[in-house]
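Encoded as structure tokens, the structure appears first; notes follow it.
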There are 2 protein chains.
Amino acid sequence: MNTIESFLESKKVRPTAMRLLVYKYMTQSNVAKTLGDIENAFAKADRTTLYRTVKTFEEKGIVHQVDDGTGTIKYALCEAGCNCDIDRDLHLHFRCNNCRETTCLTEHKIPQINLPDGYIAEDMNLVIKGICEHCSG
Amino acid sequence: MNTIESFLESKKVRPTAMRLLVYKYMTQSNVAKTLGDIENAFAKADRTTLYRTVKTFEEKGIVHQVDDGTGTIKYALCEAGCNCDIDRDLHLHFRCNNCRETTCLTEHKIPQINLPDGYIAEDMNLVIKGICEHCSG
DNA sequence: TTAATAAATGCACTTCCGTTGCATGACTAC
DNA sequence: GTAGTCATGCAACGGAAGTGCATTTATTAA
């Protein structure tokens, strides 16, 4: 039995051909992808199908959205310890100004922030822009 | 001599009627505004004019963009110590999940973050979502 | 004061992206 | 095998950012 197939089933997502392909695609790099990226990778498939595939993945906790400030939503695979669904995933994201790619720095958590009185934090997003490991080398 | 007028001139922005109005509008609350907000406030004015007005303000360091994760760009006045143009303004932004408004917490700077080897930070953006002062009271 | 120049404004239009409605096709359960 | 659920594909919509060009307004130079 295929591992991806059983993984999707464990997440209560029917492992259709399209979903297997998209999931596999997302595992091939640790870089967050836009819907456009995915469309380009599967030119034959319909935009809407890919859109809904990713939305399904999101609902089932397989991927999470990444907002890196480019204005277009990106998606990245959830890691083992990714608690997106519970109390949000507080790792940070890095966007490279050179190669334009966004990576999840999963092991780097957002530090504690002191807010002014009356403000209650529920979620946060930290994006750092600069030069990535690959481009600075 | 009008203070707003001379302020705009000091920023090398010609103080036209439209620009004075938009600037004044932005000073009336400390909440970041979308282009749509501004359009609604000045229904008679043309979209493009407002768009370019705000862009001009941005270029001249009068306002800065705020990306609060809603997908639509917002703008807020730069404060006296706002170094958007030099090495980026590292204050944080708070978006209220109740009233949907985004405020600049200018006095709250983003703490130092340790990045993995090879990563060079040039800019960062931290958005905290939750309940604001006004809505939690 | 007027002519020449530059800047600001307004209109029309385009593009990009996310999203939805609806019809068809595939799979599952009984 | 049939009914029903879920997945897919096509078409279209809507919001927001952005551009080209013509027109108006302001600034400067003669």
Side-chain angles (χ1 to χ4, degrees), chain A residues 1-2 4-6 8-25 32-60 62-76 95 100 102, chain B residues 1-2 4-6 8-25 32-60 62-76 95 100 102:
Chain A
M1 163 88 77
N2 186 320
I4 298 183
E5 206 165 326
S6 50
L8 290 185
E9 278 171 355
S10 77
K11 291 284 186 176
K12 304 217 193 302
V13 171
R14 241 194 244 170
T16 66
M18 201 67 251
R19 289 171 177 172
L20 291 170
L21 286 171
V22 172
Y23 183 82
K24 202 169 181 184
Y25 169 71
K33 304 288 186 189
T34 66
L35 217 54
D37 293 335
I38 301 173
E39 285 170 33
N40 292 337
F42 301 100
K44 288 181 196 168
D46 185 73
R47 247 165 52 77
T48 316
T49 304
L50 296 170
Y51 170 75
R52 286 199 255 244
T53 297
V54 171
K55 280 290 168 196
T56 303
F57 283 2
E58 193 189 351
E59 282 166 19
K60 300 302 168 83
I62 295 169
V63 302
H64 62 265
Q65 283 197 9
V66 179
D67 171 17
D68 65 355
T70 53
T72 42
I73 302 167
K74 293 185 174 166
Y75 297 91
R95 171 163 159 94
R100 310 269 146 139
T102 299
Chain B
M1 163 88 77
N2 188 319
I4 297 183
E5 207 165 326
S6 50
L8 289 184
E9 277 171 354
S10 78
K11 290 285 188 175
K12 303 218 195 302
V13 172
R14 251 194 235 170
T16 67
M18 199 68 251
R19 288 171 177 173
L20 291 170
L21 286 172
V22 172
Y23 184 82
K24 202 170 180 184
Y25 170 71
K33 304 288 187 189
T34 66
L35 218 53
D37 293 336
I38 301 174
E39 286 169 31
N40 293 336
F42 302 99
K44 288 180 194 167
D46 186 74
R47 248 170 43 77
T48 315
T49 304
L50 295 171
Y51 171 75
R52 286 197 255 243
T53 297
V54 171
K55 280 290 168 196
T56 303
F57 283 2
E58 193 190 350
E59 282 165 19
K60 299 304 166 83
I62 296 169
V63 303
H64 62 264
Q65 283 198 9
V66 178
D67 170 18
D68 66 355
T70 54
T72 42
I73 301 168
K74 292 184 174 165
Y75 297 90
R95 170 162 161 94
R100 309 271 146 137
T102 299

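Per chain, numbering begins at 1; letters A, B, ... match sequence-line order. Quick caveat, the model's predicted, so the values are computed rather than measured.
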Quickly work out the [X] [atom1] to [N] [atom2] distance and round it to whole Å.
{"X": "B/Glu59", "N": "C/dA7", "atom1": "CD", "atom2": "P", "value": "13 Å"}
{"X": "A/Arg19", "N": "D/dC6", "atom1": "CZ", "atom2": "P", "value": "11 Å"}
{"X": "A/Asp46", "N": "D/dA12", "atom1": "CG", "atom2": "C1'", "value": "13 Å"}
{"X": "B/Leu8", "N": "C/dA7", "atom1": "CG", "atom2": "C1'", "value": "15 Å"}
{"X": "B/Lys12", "N": "C/dA7", "atom1": "NZ", "atom2": "P", "value": "14 Å"}
{"X": "A/Tyr23", "N": "D/dA7", "atom1": "OH", "atom2": "P", "value": "18 Å"}
{"X": "B/Lys33", "N": "D/dA16", "atom1": "NZ", "atom2": "C1'", "value": "18 Å"}
{"X": "B/Leu50", "N": "D/dA16", "atom1": "CG", "atom2": "P", "value": "14 Å"}

Donor-acceptor pair, B/Arg14 side chain versus B/Glu9 backbone, under 3.5 Å?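 Not at all, since once roles are kept as given, no pair shorter than 3.5 Å links the two residues.
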Return the minimal non-hydrogen interatomic distance between [X] and [Y], and the atom names on each side.
{"X": "A/Glu39", "Y": "A/Leu50", "value": "CA-CD1, 3.7 Å"}
{"X": "A/Val22", "Y": "A/Phe57", "value": "CG1-CE2, 4.0 Å"}
{"X": "A/Leu21", "Y": "A/Phe42", "value": "O-CZ, 3.5 Å"}
{"X": "A/Val63", "Y": "A/Val54", "value": "CG2-O, 3.9 Å"}
{"X": "B/Val66", "Y": "B/Ala32", "value": "CG2-CB, 4.1 Å"}

OP1 or OP2 of D/dT8 less than 4.0 angstrom from a side-chain nitrogen or oxygen of A/Thr16, does that happen here?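 For D/dT8, OP1/OP2 do have a side-chain N/O of A/Thr16 under 4.0 Å.
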Take nucleotides 17-30 of chain C nucleotide by nucleotide from the 5' end and write B, S or -, depending on whether a protein heavy atom sits under 4.0 Å from the base, only from the sugar-phosphate, or from neither. SBBBBB--------
